[in-house]
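Input: a single structure, listed below in structure tokens.
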Amino acid sequence: LGMFTELKFPVPWGHIAAKAWGPLEGHPVLCLHGWLDNANTFDKLIPLLPTDCYYVAMDFSGHGLSSHRPAGCPYHFLDYVTDVRRVVAALQWRRFTLMGHSMVLNLSFSYCFISPQFCFLYPEMVDKLILLESVGFLLAPEDTEAWLKSKRRVIDRLLSLEAKQQTPKARSPEAALQRLLEANSHLTAEGGAILLQRGATETPAG
């Protein structure tokens, strides 16, 4: 398992990078690094692990060889959980083992919870959780159901919208105005035309 291959997964702001070891048909294991680390965290560990698994160690956004998010966009813990969901979707994994590392709990409080949070949100996808120098993720019982529903809904909707993205349609000025008025019944034709002067972009197609 000393040899590895580099992987890239497209995301709206660039790509998420990863490296993989082992046979492609092996049991899937996703490896998540800790605070200010990257996929190389696992270089010395992977060769010591069972050889019948397919290990993928990803670089979180802004780490390693992964693209940074656009300037001015913060990195929230749920964004990292969403990164994991994107990679799993790209790999087409239905069920896999999740191995997460995070050592500096005082600085990376959200990092140490990424693996457990993913398991909490998508328990049907994870057959085993391995935590290296980390802790679990606990919520007060009365908060559990609401947190689960709201956070999973956010991630699932975002990925669904990204999957449906298409090249914007070109319309004539008249058709664009008509569409705007249909979607905003409070607008007058004059008000819609004023908004479209700045809210539409002319292209060769229309």
Side-chain angles (χ1 to χ4, degrees), residues 1-69 73-138 151-152 155 158-159:
L1 287 177
M3 299 293 292
F4 65 88
T5 56
E6 291 284 353
L7 305 175
K8 276 188 178 181
F9 305 101
V11 292
W13 59 93
H15 68 270
I16 292 177
K19 54 196 304 188
W21 297 261
L24 191 59
E25 69 279 4
H27 180 75
V29 180
L30 187 64
C31 308
L32 307 181
H33 65 77
W35 176 254
L36 297 183
D37 294 341
N38 55 59
N40 280 6
T41 291
F42 299 96
D43 278 8
K44 295 292 187 179
L45 176 62
I46 298 299
L48 305 176
L49 300 181
T51 59
D52 58 345
C53 294
Y54 181 58
Y55 302 93
V56 174
M58 56 181 281
D59 293 324
F60 283 119
S61 298
H63 297 70
L65 302 181
S66 288
S67 302
H68 289 259
R69 294 183 185 276
C73 293
Y75 291 78
H76 293 303
F77 75 87
L78 199 61
D79 296 326
Y80 292 119
V81 177
T82 307
D83 284 353
V84 175
R85 187 66 185 84
R86 284 188 175 97
V87 168
V88 171
L91 290 166
Q92 298 184 327
W93 285 357
R94 293 190 169 207
R95 195 160 174 80
F96 60 97
T97 295
L98 191 55
M99 179 163 59
H101 172 257
S102 188
M103 183 170 60
V104 191
L105 298 184
N106 60 330
L107 291 177
S108 58
F109 207 59
S110 61
Y111 273 60
C112 69
F113 290 149
I114 293 171
S115 300
Q117 278 183 9
F118 185 91
C119 292
F120 185 66
L121 287 167
Y122 299 96
E124 74 279 7
M125 301 187 78
V126 181
D127 61 12
K128 190 179 299 181
L129 173 63
I130 302 169
L131 298 178
L132 309 174
E133 299 179 300
S134 188
V135 296
F137 175 64
L138 298 175
K151 298 299 185 288
R152 180 159 174 162
I155 294 174
L158 177 61
L159 268 62

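Keep in mind that the numbers below use all heavy atoms, side chains included, and drop hydrogens, waters and symmetry copies.
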- Approximate separation, where rounding is to 0.5 Å, of Leu78 CG and Ile155 CD1: 4.5 Å
- Item | Criterion side chain to side chain contact (heavy atoms under 4.5 Å, CB included) on Leu158 and Arg85, from CA distance to verdict | CA-CA 11 Å; Leu158 177 61; Arg85 187 66 185 84; over 6 Å; no
- Looking only at heavy atoms, what is the nearest atom pair of Phe9 and Ala18, with distance? CE1-CB, 3.8 Å
- Task: Indicate the atoms forming the closest heavy-atom contact of Pro116 with Leu129, along with that distance.
- Result: CA-CD2, 4.1 Å
- 4.5 Å side-chain heavy-atom contact, Leu45 and His101: no
- Message: Applying side chain to side chain contact (heavy atoms under 4.5 Å, CB included) to Val84 and Gln117, what does each step give before you reach the verdict?
- Response: CA-CA 11 Å; Val84 175; Gln117 278 183 9; over 6 Å; no
- Show your reasoning for whether side chain to side chain contact (heavy atoms under 4.5 Å, CB included) applies to Arg86 and Leu159. CA-CA 7 Å; Arg86 284 188 175 97; Leu159 268 62; 4.1 Å; yes
- Check Gly100 against Ser115 and note the closest heavy-atom contact, atom names and distance. CA-OG, 3.3 Å
- Using the six-membered ring wherever Trp is involved, compare the ring planes of His63 and Tyr80 and label them parallel, tilted or perpendicular (cut-offs 30° and 60°). perpendicular
- State the CG-CE distance between Leu132 and Met99, to the nearest 0.5 angstrom. 6.0 Å
- Message: As an exercise, state the distance from CG of Asp83 to CZ of Phe118, rounded to the nearest 0.5 Å.
- Response: 11.5 Å
- Message: Taking the ring centre of each residue, are Phe60 and His33 less than 6.0 Å apart?
- Response: yes
- Query: Within a radius of less than 6.0 Å around CD of Gln92, do more than 12 heavy atoms belonging to other residues, nucleotides or ligands occur?
  - Reply: no
- Of Leu7, Val87, Leu91, Val88, the residue whose pairing with Met58 passes side-chain contact (heavy atoms from CB on, under 4.5 Å): Val87
- Message: For a 4.5 angstrom cut-off between non-hydrogen side-chain atoms, does Trp13 reach Ser61?
- Response: yes
- Spell out, as yes or no, whether a donor-acceptor pair under 3.5 Å connects the side chain of Arg95 to the backbone of Glu124. yes
- How many angstroms lie between CG in Leu30 and CD1 in Ile130, if you round to the nearest 0.5 Å? 11.0 Å
- Looking at side-chain heavy atoms only, is the closest gap between Cys31 and Ile46 below 4.5 Å? yes
- Quick one: CG on Asn38 to NZ on Lys19, what's the gap to the nearest 0.5 Å? 8.0 Å
- Query: Which pair of non-hydrogen atoms, one from Ala57 and one from Trp21, has the smallest distance, and what is that distance?
  - Reply: CB-CZ3, 3.7 Å
- Straight-line distance of His15 NE2 to Ser67 OG, nearest 0.5 Å: 4.5 Å
- Item | Residue pair Asp127 / Phe96, side-chain heavy-atom distance below 4.5 Å | no
- Query: Under the side chain to side chain contact (heavy atoms under 4.5 Å, CB included) criterion, do Arg152 and Phe120 qualify, and how do the steps go?
  - Reply: CA-CA 10 Å; Arg152 180 159 174 162; Phe120 185 66; over 6 Å; no
- Item | Heavy-atom pair with the smallest gap, counting every atom of Ala20 and Tyr54 | CB-OH, 3.4 Å
- Flag side-chain contact, heavy atom, 4.5 Å: Lys151 against Val81: no
